[in-house]
Number of protein chains: 2
Amino acid sequence: MPSGLTLPGGRGGEDGRPHYLALRDQIASAIAMGKLAAGARLPSERQLQTDTGTARGTIREALFQLEAEGLIYRRDRSGWYVSPPAITYDPTRWTGFMSYVIDQQRTPSTELLSIESVAAPMGVADVFRVVPGTPLHHLTRRRSIDGRAVLIERIVVDPALAPGLEQHDLGGSLTRILGTEYALKVVRNRVDMRPCALTTSIADMLNVKPGTPGLLVVRTSFDAEGRVIEYDHEYWRHDAIRVHVDLDIRS
Amino acid sequence: MPSGLTLPGGRGGEDGRPHYLALRDQIASAIAMGKLAAGARLPSERQLQTDTGTARGTIREALFQLEAEGLIYRRDRSGWYVSPPAITYDPTRWTGFMSYVIDQQRTPSTELLSIESVAAPMGVADVFRVVPGTPLHHLTRRRSIDGRAVLIERIVVDPALAPGLEQHDLGGSLTRILGTEYALKVVRNRVDMRPCALTTSIADMLNVKPGTPGLLVVRTSFDAEGRVIEYDHEYWRHDAIRVHVDLDIRS
DNA sequence: GAGTGGTCTAGACCACCTT
DNA sequence: AGGTGGTCTAGACCACTCA
């Protein structure tokens with residue numbers, strides 16, 4: 001719905017509302033009303049340009065806004081798509097990614113991108129209480145929901161606790177392997193979360209533009225002796241996750 | 001540091017790295033090295049434009065990127081500033097905003113923006129287990145750290161549990177008032193968190209641009225009888241908060 | 001009133017995805 | 001090969017903040 005003529009420069013429609021917000025609202029309500037289903041592709045930017053009679057930059061502003069809200073996402077140089085629903089993550093439950101995604105009627109998958117032995121830098125050495133330089137397992141994995149990559153995780157494991165870890169199938173639940181193969185039982189979990197932007201190396205692996213908003217989840221798991229079992233950085237697409245915690249003092 | 005000539009259009013410096021990312025890196029490292037202290041103001045966009053010899057749109061792209069990362073923020077039509085450190089929020093601890101901000105050597109403040117009695121819409125009525133239309137207290141408050149507004153909260157309280165609530169000083173800890181004045185003791189907390197964009201009404205109260213990335217925290221507190229004491233939506237600036245949870249199965 | 005960011009236009013070339 | 005988004009330019013007017 002073109003707004004007709006608008007003065008160059010200036011500030012938008014007859015109502016004083018910026019054009020890009022008006023377009024945002026149109027698309028948002030199209031999504032809300034189901035005219036654009038989850039996973040559906042939006043018209044191209046140039047198409048929207050001619051449809052609405054506004055400049056491409058303005059169109060893109062509306063699109064960025066919707067992306068920040070988590071309503072749409074882009075596939076690099078392919079197009080803009082409606083975001084699927086987010087998955088709910090509960091850091092107080094010990095079940096891993098694979099289980100809780102299945103519990104929510106979605107299809108998880110995990111790819112091992114790399115595993116290497118890395119000399120512990122200072123900060124990480126502190127976490128594991130080893131001397132800096134001690135070799136540690138570093139795994140990088142990509143996890144997807146319904147075929148869409150949603151997070152990159154970088155896990156550090158002490159090979160003293162899990163020798164020969166690389167010989168197992170690491171394309172599934174690591175927690176399970178550590179439990180069944182190495183008898184490592186997690187009794188304490190420390191979790192940190194904060195909004196972040198996905199920097200180039202992560203963004204490339206997720207096939208998103210660098211700077212896309214994300215959520216960083218840092219997880220440290222301990223066993224009964226207070227040893228660190230897993231030290232894990234998860235970089236999530238911000239529109240793919242929702243955190244839920246339910247705590248009862250009495251229990 | 002101007003990169004010299006660049007072809008119009010195209011894709012940036014001799015290294016193939018986009019200009020806006022190069023500028024981002026410059027500013028980011030200036031912040032990291034302390035050349036720009038927390039709270040400091042950046043040069044104006046037009047100043048950066050002449051300094052770097054790039055178009056204003058490109059400058060702004062770098063700025064948006066840094067904003068998404070939480071490194072800088074803007075004050076509407078005033079300028080861009082270096083973000084202060086984020087506050088750590090632990091949903092498993094029962095202490096309120098005022099206490100945990102003070103614990104982190106910062107200065108909190110709270111303003112009551114409005115309090116009104118609102119007929120419960122369906123969703124909210126469900127939460128409180130009352131019939132839709134029952135009048136409930138709605139408070140809107142703005143909370144700041146070191147004088148910078150960081151969150152808007154909308155709290156719903158059942159007046160049946162807290163009659164005459166509006167006669168108390170609501171510019172401080174609500175949890176304390178409910179505890180000491182109404183003997184309401186929270187034994188269970190349910191917390192949901194998700195990245196969001198701050199929509200117009202919230203953005204105006206925080207004095208940020210609509211669409212600024214944020215974090216929504218929804219908190220539901222119950223007493224021993226399972227009654228809902230507080231139902232609270234907190235809209236945070238995304239660069240102001242960091243969530244931390246530490247859970248021990250054994251305790 | 002000078003300066004700031006906010007919105008907008010109308011072009012351009014490029015790298016990459018898709019077919 | 002054609003279309004898509006990604007990057008970039010060089011202007012403009014506006015609403016607002018600040019001194």
Side-chain angles (χ1 to χ4, degrees), chain A residues 2-24 41-67 72-81 198 200 203-204 207-212, chain B residues 2-24 41-67 72-81 198 200 203-204 207-212:
Chain A
S3 62
L5 334 165
T6 32
L7 308 322
R11 185 152 164 285
E14 300 80 23
D15 52 356
R17 194 171 171 65
H19 286 154
Y20 78 93
L21 282 181
L23 175 57
R24 183 224 86 97
R41 179 181 175 162
L42 272 66
S44 76
E45 295 177 1
R46 279 152 178 106
Q47 185 60 51
L48 290 168
Q49 205 178 333
T50 57
D51 288 354
T52 63
T54 57
R56 189 166 157 227
T58 305
I59 302 289
R60 282 170 67 78
E61 236 167 317
L63 263 10
F64 294 157
Q65 164 85 34
L66 289 159
E67 181 189 43
I72 65 175
Y73 69 101
R74 40 183 145 177
R75 291 195 217 149
D76 196 67
R77 274 165 257 259
S78 156
W80 294 87
Y81 299 81
L198 304 173
T200 311
D204 287 349
N207 189 28
V208 303
K209 220 196 64 153
T212 304
Chain B
S3 62
L5 335 164
T6 30
L7 307 323
R11 187 154 163 282
E14 301 80 23
D15 52 355
R17 194 171 172 63
H19 286 156
Y20 78 94
L21 282 181
L23 176 56
R24 184 226 84 97
R41 181 184 172 158
L42 272 64
S44 76
E45 296 177 0
R46 279 150 179 110
Q47 185 61 50
L48 290 169
Q49 204 178 333
T50 57
D51 287 355
T52 63
T54 57
R56 193 169 153 221
T58 306
I59 303 289
R60 281 169 68 77
E61 236 167 316
L63 263 9
F64 294 156
Q65 164 85 34
L66 288 159
E67 181 189 43
I72 66 176
Y73 70 100
R74 41 183 145 176
R75 291 194 218 149
D76 195 69
R77 274 165 253 259
S78 155
W80 294 87
Y81 299 81
L198 304 174
T200 312
D204 287 348
N207 189 29
V208 302
K209 222 196 62 153
T212 303

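Numbered from 1 within each chain, the chains take letters A, B, ... in sequence-line order. In this text the structure is predicted, and so the values were computed from the model without any measurement.
When the C1' atom of dT7(D) is taken as reference, atom NZ of Lys209(A) falls 9 Å away, rounded to whole Å. The interatomic distance linking Gln65(B) (CD) with dC8(D) (P) rounds to 12 Å, in whole Å. Between Phe64(B) atom CZ and dG6(D) atom C1' the separation is 16 Å, expressed in whole Å. Straight-line distance from the CG atom of Leu63(A) to the C1' atom of dT7(D): 16 Å, rounded to whole Å. When the P atom of dT9(D) is taken as reference, atom CG of Leu23(B) falls 11 Å away, rounded to whole Å. Distance Arg24(A) CZ to dT7(C) C1': 17 Å, rounded to the nearest Å. Taking atom CD on Gln47(B) and atom C1' on dT4(C), their separation rounds to 12 Å, with Å as the unit. The distance between atom CZ of Arg60(B) and atom P of dT7(C), rounded to the nearest whole Å, is 7 Å.
Contact annotation: Ser44(A) does not reach the phosphate of dG3(D) (side-chain N/O to OP1 or OP2, under 4.0 Å). The phosphate of dC8(D) has neither OP1 nor OP2 within less than 4.0 Å of any side-chain N or O from Thr54(B). Applying the 4.0 Å criterion to OP1 and OP2 of dA10(C), one finds that Arg56(A) has every side-chain N and O outside that range. Proximity of Tyr20(B) to the phosphate of dC8(D): no side-chain N or O atom is located under 4.0 Å from OP1 or OP2.
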Expected rows: protein N/O vs nucleotides 17-19 of chain D N/O, under 3.5 Å:
none

**Prompt:** Does the side-chain contact (heavy atoms from CB on, under 4.5 Å) test come out yes or no for Glu67(A) and Thr212(A), once each step is laid out?
**Reply:** CA-CA 9 Å; Glu67(A) 181 189 43; Thr212(A) 304; 4.2 Å; yes
**Message:** Run Thr58(B) and Thr52(B) through side-chain contact (heavy atoms from CB on, under 4.5 Å) and show every step you take.
**Reply:** CA-CA 10 Å; Thr58(B) 306; Thr52(B) 63; over 6 Å; no
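Between the side chain of Arg74(A) and the base of dG6(D) there is no donor-acceptor pair of N/O atoms closer than 3.5 Å. At a cut-off of 3.5 angstrom, counting only N and O atoms as typed in the model, there is a donor on one side and an acceptor on the other between the side-chain of Arg46(B) and the base of dG5(C).
Minimum interatomic distance between Ala62(B) and Tyr20(B) (heavy atoms only, all atoms of both residues): CB-O, 3.3 Å.
Remark: Arg41(A) engages Tyr81(A) in a side-chain contact (heavy atoms from CB on, under 4.5 Å) (not counting sequence neighbours). In this view, Arg56(A) and Glu45(A) satisfy the salt bridge (charged side-chain N to carboxylate O under 4.0 Å, His left out) rule, not counting sequence neighbours. By the salt bridge (charged side-chain N to carboxylate O under 4.0 Å, His left out) test, Glu61(B) pairs with no residue at all, sequence neighbours left out.
Taking CG of Leu23(A) as the start and CG of Leu63(A) as the end, the distance is 7.0 Å to the nearest 0.5 Å.
Place Arg41(B) and Leu21(A) on DNA chain C by their nearest nucleotides, and Arg41(B) ends up nearer the 5' end.
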